[in-house]
Amino acid sequence: MRKTKFIPFVIFLMASIFTLGFATKTNAAEKTYKIGTDLTFAPFEFQNSDGEYIGIDVDLIKQIAKDQDFKVDLRPLGFDSSIQGVQSDQLDGMIAGMSITDERKKTFDFSDPYFDSGIQMAVKNDNKDIKDYKDLKGKTVAAKIGTESATFLEKSKDKYGYDIKQYEAADAMYNALTNGNVEAIFDDYPVLGYAVTNGQPFKLVGDPEKGSSYGFAVKKGENKELLQKFNQGLKDLKKNGSYDKIVSEYISTGSGNSSTASEMKKIEPKKDVYVVSSDSAFAPFEYKDSDGEYKGIDVDLLKRIAELQGFKIDFKFIGFSSAMQALESGQADGMIAGMTITDERKANYDFSDPYFQSGIQLAVAKDNKDIKSYKDLKDKTVGAKVGTESADFLEAHKKEYGYTVKSFDAADQLYDALKVGSIDAMMDDYPVIGYAVKQGQDLKTPIKREVGGEYGFAVKKGQNAELREMFTEGLKELKRTGEYDKIVNQYIGSGSTEKKKDAVDESTITGLLKNNYKSLLDGLWKTIVLALVSFALALVLGVIFGLFRVSPVRGLRTLAGIYIDIIRGIPMMVLAFFIFFGLPGITGIKIPDFAAGIITLTLNASAYIAEIVRGGINAVPVGQMEASRSLGMSYNRTMQKIILPQAVKIMIPSFINQFVISLKDTTIISAIGVVELLQTGKIIVARTTQSSYVYLIIAIMYLILITILTKLANRLDKKVK
């Protein structure tokens, strides 16, 4: 009986041991280690334009983890915080370009060195005079304060006879070299190598001075298995070539003459100048700065690609819809305007390789503490722009999360609605929100962004294939050299902000006026010219058709009636689109936007002036015409001497009113890209996001202008009468 009970017990015990062993082995294979790293120490760890951490340290630990079959929970806490995290057992280890020193060995166990650092000299690419330290005599050399480079220069300055300048940050030191304030700089050679890889116009001179070695660290006496796995993985990566591949991806050899693995393919342009249409106010992709110059990701990318491929471009910043119509009508050869690649658009356009991965993100007021997830939007109102990915996303999920959607036509309306509290949250493209935050908008993004569409450079289907290919090849080259990331990070990268040379605070009316008065005056002048020229031409045309309208010849009356009915029956914006976009497609003749604006305003005003003329002539008693004709005067003589002098006095108040209307109608012409006063304001709003103050300034300018012109016209009316 005991023997019978003993056998099942032994089987159970063996099964338990086997199961426990298997479980232990499985857990060991799947163990996740918490690894601390620095926040910003390029090229070892830093964030790319998509917000992902990359770099030598990051790639190494990920590859080693893959090689050694463990998982990594990377914690970018900063160098000091990572040290404290390891010491307090909150982290299992850290990799952050950490130099192996005797002092640190007292509290940490280090892996085998994974990188031998050192300091090196760099000069401008075109410098042919400095080839070694002896050539530094009488020159000025720079280093960052408190670094090994600064210490090395101090020790050697008497020997080589140079002067030293010290800078707190790398960007200041690099600018000093670029601007010629110093002839050479010294820094950690991997940092300099990364700068060269990312487009800095430097070359490295000489061999690096031997410096400290970097190591992976764990708390002393703990996590020995992790240390062993790191060392073994490092050996494997060096053996199979993966280590060299990772390092070379981030650090240039710096000679400036090294051949690349893949040369950029040069495409032969078929035109002297390519016309490229774009949006006029879509920061940070294209917008006007305070100096009146267009800049942004799209602008900088295309200009640089044009330099690389050797073709010229003529930018037309006319707004997104107008840019698409210009491309469709043949007034533009290509288009770049944050244009999402969709199946519908592929039917009409040929796209380049995608140059930007967009996405949408929720934003709330900075002081909002209630909304931290989509679930918190229940019974709230969320805003988005009409026809955008954000609007589609909100509509698709409103039943799931129980919010109400409010739509807006323009970005400034959307942001103002959040500012005044008429909506609780808003959704927009994440780079646009990021730019708005940098421009002073009190926003925050509590929820991770949603992946969105891809932006592409477009040409009309079947046309200008070489332009599309030039863009694609240039884009590949910019990405290969790292210059692409540099351009993007300038506008939406972490920590980067646009520097204003005058440092004017554009959050006030005074600051806006000080920084933008030239642009506003240019827009005002263009508005005045549009109104005066078009009204003068409309007077001539309107008087002619007005006289036709009351002519005794039936054919002339019919012709004038048809003209007036057609012009007055077509909305002015539609008329402007037809003249600017439609006529070139029919006739093949390209009409400049300003000329198209003049023609539109002239035609529209002339139809109403013709009716004013007809009404003024008919207001003169009929008996005067009959009396004059009975005395033997001709119709034309009667009109000239008797009817028109009286009719003009009757018409003048209506002419003044029509002129004021024409002046206001100039705002509609902004739809075809004419940068008059209102469009100037939209462009300023796109850059500053200060819509309330900007439109207040513009309203006051219109009020002053119209009041002055009305007073002058009234004085003229009194003199005539």
Side-chain angles (χ1 to χ4, degrees), residues 38 40-46 55-57 60 79 95-104 110 113-125 127 129-178 180-215 243-244 246-258 482:
D38 206 348
T40 52
F41 184 51
F44 292 92
E45 47 267 323
F46 61 99
I56 295 173
D57 287 349
L60 271 180
F79 189 86
I95 184 168
M98 187 177 185
S99 298
I100 302 172
T101 64
D102 292 333
E103 292 78 9
R104 287 174 178 159
F110 285 93
Y114 68 83
F115 192 91
D116 294 323
S117 187
I119 57 175
Q120 194 166 10
M121 177 168 64
V123 298
K124 290 177 69 175
N125 277 337
N127 189 313
D129 300 325
I130 301 175
K131 298 177 182 179
D132 58 33
Y133 295 155
K134 293 178 182 178
D135 298 326
L136 295 175
K137 188 174 182 179
K139 304 286 196 302
T140 303
V141 187
K144 289 181 292 186
I145 296 171
T147 60
E148 284 185 286
S149 299
T151 304
F152 173 83
L153 290 178
E154 284 292 339
K155 288 180 180 179
S156 305
K157 70 175 182 178
D158 292 335
K159 181 178 179 180
Y160 296 112
Y162 49 72
D163 294 321
I164 302 173
K165 276 190 175 181
Q166 297 194 28
Y167 296 87
E168 290 186 357
D171 57 346
M173 183 173 69
Y174 294 165
N175 287 335
L177 180 59
T178 303
N181 294 328
V182 298
E183 283 79 23
I185 61 175
F186 278 71
D187 203 355
D188 289 0
Y189 92 82
V191 179
L192 284 177
Y194 178 75
V196 172
T197 300
N198 281 273
Q200 289 287 359
F202 308 154
K203 60 182 178 182
L204 307 186
V205 178
D207 296 323
E209 296 289 334
K210 189 175 181 181
S212 304
S213 297
Y214 297 162
Y243 174 87
D244 291 333
I246 290 171
V247 172
S248 63
E249 183 180 349
Y250 296 96
I251 301 176
S252 169
T253 56
S255 65
N257 301 316
S258 59

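Residue numbers run from 1 in the order of the sequence given. Atoms considered below: every heavy atom in the structure, side chains included; atoms not considered: hydrogens, waters and symmetry mates.
Here the side chain of D188 pairs no donor or acceptor atom with the backbone of P190 at under 3.5 angstrom. The backbone N or O of Y243 sits nowhere less than 3.5 Å from a side-chain atom of Y114 that would complete a donor-acceptor pair. Using modelled atom types, no side-chain atom of D187 and backbone atom of S149 make a donor-acceptor pair closer than 3.5 Å. Side-chain N or O atoms of K203 include one that pairs as donor or acceptor with a backbone N or O of N127 at under 3.5 Å. Under the 3.5 Å distance criterion, the side-chain polar atoms of Y162 are matched with a main-chain donor or acceptor of L153. Q120 places a side-chain N or O within 3.5 Å of a backbone atom of G206 that can act as its donor or acceptor partner.
Distance check, rounded to the nearest 0.5 Å: CG of L136 to NZ of K159 gives 12.0 Å. F110 contributes atom CZ, which lies 4.0 Å from atom CE of M98 (distance to the nearest 0.5 angstrom). Here CG of D129 is found 6.0 Å from NZ of K139. Values are rounded to the nearest 0.5 Å. Between atom OH of residue Y160 and atom CG of residue D132 there is a gap of 8.0 Å, rounded to the nearest 0.5 Å. The CD atom of E183 sits 11.5 Å away from the CE atom of M121 when rounded to the nearest 0.5 Å.
A search for side-chain contact (heavy atoms from CB on, under 4.5 Å) contacts involving D163 returns T140, not counting sequence neighbours. Legend: residues meeting side-chain contact (heavy atoms from CB on, under 4.5 Å) with L177, ordered by chain and number and at least two apart, are K124, V182, I185, F202. The ring-ring contact (aromatic ring centres under 6.0 Å, His included) search around Y214 returns F44, F115, not counting sequence neighbours.
Closest approach of K144 to M173, counting heavy atoms only: N-SD, 3.9 Å. When every heavy atom of D38 is checked against every heavy atom of A96, the shortest pair comes out as N-CB, 3.6 Å.
Using a 4.5 Å cut-off on side-chain heavy atoms (C-beta onward), Y174 and L192 make contact.
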